[in-house]
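Data block below; observations after.
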Amino acid sequence: MEIEQFVSKTLELLQEEREAEIEETRVWQENIALKDLQSKGVCLLKLQIGSQSTGLYGRTVVTLEPRKHIGISVLPSNSFGPGDIVGLYETGGFSTASQIGTGIVTRVSQASISVAFEDSQDGLGVDSDSLYNLFKLANDVTYKRMKHALNALNGYSNGPAANLINVLFGYSQPGSQSQPVAFLNSDLDDSQREAVSFALSQREVAVIHGPPGTGKTTTVVEIILQAVKQGQKILCCASSNVAVDNLVERLARCHAKVLRLGHPARLLESIQKHSLDAVLAHSDNTNIIADIRKDIDKAFVRMKKVHDKGERFNFKREVGELRKELRTREAAAITQILKSADVVLATNTGACDDGPLKYLPADHFDWVVIDECAQALESSCWIALLRARKCILAGDYKQLPPTIKSQTAAVKGLSVSLMERLIQKYGDSVVRMLTVQYRMNSAIMEWASKEMYQGRLTAHSSVERHLLKDLPGVSCVEETSTPLLLIDTAGCGLSEMEVTDEQSKGNQGEVDIVELHIKALTEAGIKARDIAVIAPYNLQVELLRQKLSTRHPELEIKSVDGFQGREKEAVVLSLVRSNRKGEVGFLAEDRRINVAVTRARRHLAVVCDTQTVQNHAFLKSLIDHMTECGEVRTAFEYLQDIVPQNYTRDHKDTKASASASSSSSTKQKAKNQAPVKAKQGQKKPGKEDAARSDKHTKSCSSALTEEERTKNRSAEIREQVERFLKDQNQSELQFPSSFSSHDRLLVHQISEELGLSHESKGEGKDRCIIISRPLKSKPVEEPTQLEAVQEEETVPEPQEKPLCQPPLDLKSLHLERMKREQQKREENAQKKQDSIRTAPSQSSKKPKSAGACDIAAAAGADDNFDALITAVMKADSVCSFVKCKASVLTLGQLCLFCNRQYCLSHHIPEVHGCGDKAKSHARMRISKEGVLYAGSGKKDKSMDPNKKAYLQRKLDSKLKDMASQRKTKST
Ligand SMILES: Nc1ncnc2c1ncn2[C@@H]1O[C@H](COP(=O)(O)OP(=O)(O)OP(=O)(O)O)[C@@H](O)[C@H]1O
Ligand SMILES: [Zn+2]
Ligand SMILES: [Zn+2]
């Protein structure tokens, strides 16, 4: 007996799931610190009461907010949503004793959460001075209803759904009877028309498979309207309140007679007029019912002011009686209202028998329509299905399945939706797929289509090529002209935080990069509300909010699950995982990635470590697609703009870096094998710094600010590096493993600036960074390959540079470009020297000849040659500023940012349009040198003389190197 089997197995799995849920709550209550629970998204701590009102038909609605006086205005990332059952607790506890009440979430914004408290007969004992904790409660109402439905299914005989049940369990084959359709919506595309015709002609069951953006709701609405036209009564359900409300709105717009069941607290404001409560309030009994409600509200208000127990009791009794009267009057009205509606809408579990539907006869409805069917447990669908002759199931089983806590229950089949099960049973004969999508630029769509929908999707011409730059008020820059942007952090040392919990992973480096990209988008004119920032982990969502929400309150930052069913013009996706082991964990759910990617209309940016995430075949296909069809950048390009002052260290490193500048050198001596030089170097500047900061903060002896510490630290490290460079006997400099990731970032920046190879080695606590001189016989080596090269003692020929994996390739390209830029800078310095020399009043301190400069440039990588030629040709011409004809032959200046020659009146970056680049360059300098320069970061003349001398020496030796290489080549 297939039904019996299904029912008993499912009941068992539901029980398992329920137990897992209860167990999880118990474990959390007992073992997990409240703060950790908060980072899991299941509770909100230390909230204050924002407002309190007796809205929503006598229910008390309390709005809770983060504490204002400590300057936080956004809630931590959380999984609370409208309809969730929550408990309000006094701070410090999570026991029944400290529980103030339970209620239903009515609204969640980034700044506040509103909760409707039910039947709080004596009002809620909350005051605006105290702080409260809010917890999500496990809700067994849903379980009871599902169990009830399954048992009813098992014992079903002779009701309206008998035939449907037979088909859904394979006892009989689905039938059909085609009929001509006069479409109400003339805009439907072919696949939508086919789906509507199919749904109307099927006798028992039709499945509408709607991939992202294919107009599933449009199609379902047409199907329902057609059925209504035929005189059918429809029960329409979806698993989430949001989806139900969406259908209510769309159907109401088409003048269907709709009625929405459900706690009014759970409905959107615009939907409330279609809710049973609201319709009741406007029914024939209006005045009486309204009077009773008013009396209830009044009683509540008075009751709050009363403290005497006896008096309170009287009020309670009064309220109780008023409610009873209200109920009898309502029951009569409800039946009448339900019968006159054409479409009754509810959530799957809201369609239960213990709600208003109990007032209707069992065979009242003809069809049941279930939207979002792939997101629902099959058992929850059966609550409604038992009432129908025929069902329409719409959804996309390639998006996220219902959330299930018990892994074993999921594996044993609880996560298989009715939609999937039917497709397995009947194949395409019961399914029609919508294939034209109205959301994504085709470049974004193609990957999902290929990987998830057998390549069957096409982009409608209205969206096929749309880009951010086509939006009004958006300027045309690189970021707004590309549908796909991959920002690759591979090899940049932006590792994920080391936390054990799979649900809460974070990556500060990716946060910083996302911030820069959001900045670029908003500066180009994209509204923050048109951008979604999506991360698969709650912790990352939180880090992103901390960084971005204050500046962009309208920017939506959520987990993947929070965006299902939504879309945004631009989506920025941070994949978080970056580790040596190549673990992707939670990310490995293909459907989760599919949902994240397919939220984007015009632009998708993915920030990730391709080396880590490529270990997963599905993610690799995304990376490959983006590499092939989109723009790829390496995070190195962004690292320059990440100011270390703002670089938050991860937990593990905090202690190390906080003490690094003072007392940690002895500890290091004992624990690490840092080179002697490094150790000496560390002590000395430490003293100097102390002396220096004494001067600045004479009276104030308090601890250094983070900014000052970064400055000092940067100077210390720089000095070590410079000492190392002077000492020709040393080939590499290993920094101690006590260096925090922040310190390593500083090393990274300094060595990047000086053109040195640098590499991180070791795992976890043993991780340390090593820098070495650039190898002379070849372009700057890819650092992670350095180790291998040194071991094998073989140096590859520069021409034989293999075509490596994209991330490696990227990085070497970037390093090459850095090198080219460095050369340009040197070239420029040389030209400046030259021009100074030609000016009669100035005497040159620099003895280098013009010939050496050529050699230097020519000795660079071959592809630099073109750049050199162009530069030379440009140098021959006139000022690059529009309409300026001034010669730049003698007094021209090369702009470092656009690589063009300008006359003296136009060479300043701000004058000819390189202002922004100059500013960001200045920011980078500030961060690297820890010194603030006036204006846009141009150095004043009083440059640190030591540093100047050092740079001069470095330039000299580099030129010498290149010149000698040149000689050996030509001989
Ligand atoms: N035939 C059509 N012609 C033009 N635009 C359409 C058509 N069908 C749907 N759209 C547009 O596509 C968008 C999505 O449609 P709809 O809201 O019906 O889809 P949905 O089912 O809610 O989304 P999803 O497919 O992601 O679940 C809407 O902006 C709608 O106007
Ligand atoms: Zn310029
Ligand atoms: Zn000019």
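Distance check: L338 CG to L261 CG gives 6.0 Å after rounding to the nearest 0.5 Å.
Within the cation-pi definition used here (under 6.0 Å to the ring centroid, within 45° of the axis), R421 qualifies as a partner of F169. By the 6.0 Å and 45° rule, R432 stacks over the aromatic ring of F198.
The side-chain heavy atoms of M146 and I383, taken from C-beta on, include a pair separated by under 4.5 Å. Counting heavy atoms from C-beta on, the side chains of S380 and S239 never come closer than 4.5 Å. Taking 4.5 Å as the limit, every side-chain heavy atom of L153 sits out of range of all side-chain heavy atoms of L385.
In this model, no donor atom of one side chain and acceptor atom of the other lie less than 3.5 Å apart for Q375 and S240. No side-chain donor from either of R107 and S112 sits under 3.5 Å from a side-chain acceptor of the other. A side-chain donor-acceptor contact under 3.5 Å links Q226 and E222. Residues E420 and Q424 bring no donor and acceptor atom of their side chains to less than 3.5 Å of each other.
The closest donor-acceptor contact from the side chain of K390 to the backbone of L200 lies under 3.5 Å. Although no hydrogens or angles enter the test, the distance criterion places a donor-acceptor pair under 3.5 Å between the side chain of N594 and the main chain of K398. R387 places a side-chain N or O within 3.5 Å of a backbone atom of L357 that can act as its donor or acceptor partner. Side-chain N or O atoms of T10 include none that pairs as donor or acceptor with a backbone N or O of V7 at under 3.5 Å. Without hydrogens or angle criteria, R145 side chain to T349 main chain gives a donor-acceptor distance under 3.5 Å. Although no hydrogens or angles enter the test, the distance criterion places no donor-acceptor pair under 3.5 Å between the side chain of N246 and the main chain of V242. In this structure, the side chain of R439 engages the main chain of T598 through a donor-acceptor pair within 3.5 Å.
Between K233 and D366, no side-chain nitrogen of the basic residue sits less than 4.0 Å from a carboxylate oxygen of the acidic one, so the salt-bridge criterion is not met. Between K9 and E12 there is no salt bridge, since no side-chain nitrogen of the basic residue lies less than 4.0 Å from a carboxylate oxygen of the acidic one. Here E556 does not pair with R599 in a salt bridge; the nearest charged N to carboxylate O distance is not below 4.0 Å.
Pairing each heavy atom of L259 with each of A341, the nearest pair is CB-CB, 3.8 Å.
For T435, the side chain to side chain contact (heavy atoms under 4.5 Å, CB included) criterion is met by S191, M433, R456, not counting sequence neighbours. Under the rule for a side chain to side chain contact (heavy atoms under 4.5 Å, CB included), K358 has no partner lying at least two apart in sequence or in another chain.
Relative orientation of the F135 and Y89 rings is perpendicular, given thresholds of 30° and 60° on the angle between their planes.
Listed by first and then second residue, the side chain to side chain donor-acceptor pair (under 3.5 Å) pairs that reach into residues 156-168 are N163-E204, sequence neighbours excluded.
Enclosure of atom NZ in K229 by more than 12 non-hydrogen atoms of other residues, nucleotides or ligands within 6.0 angstrom is indicated.
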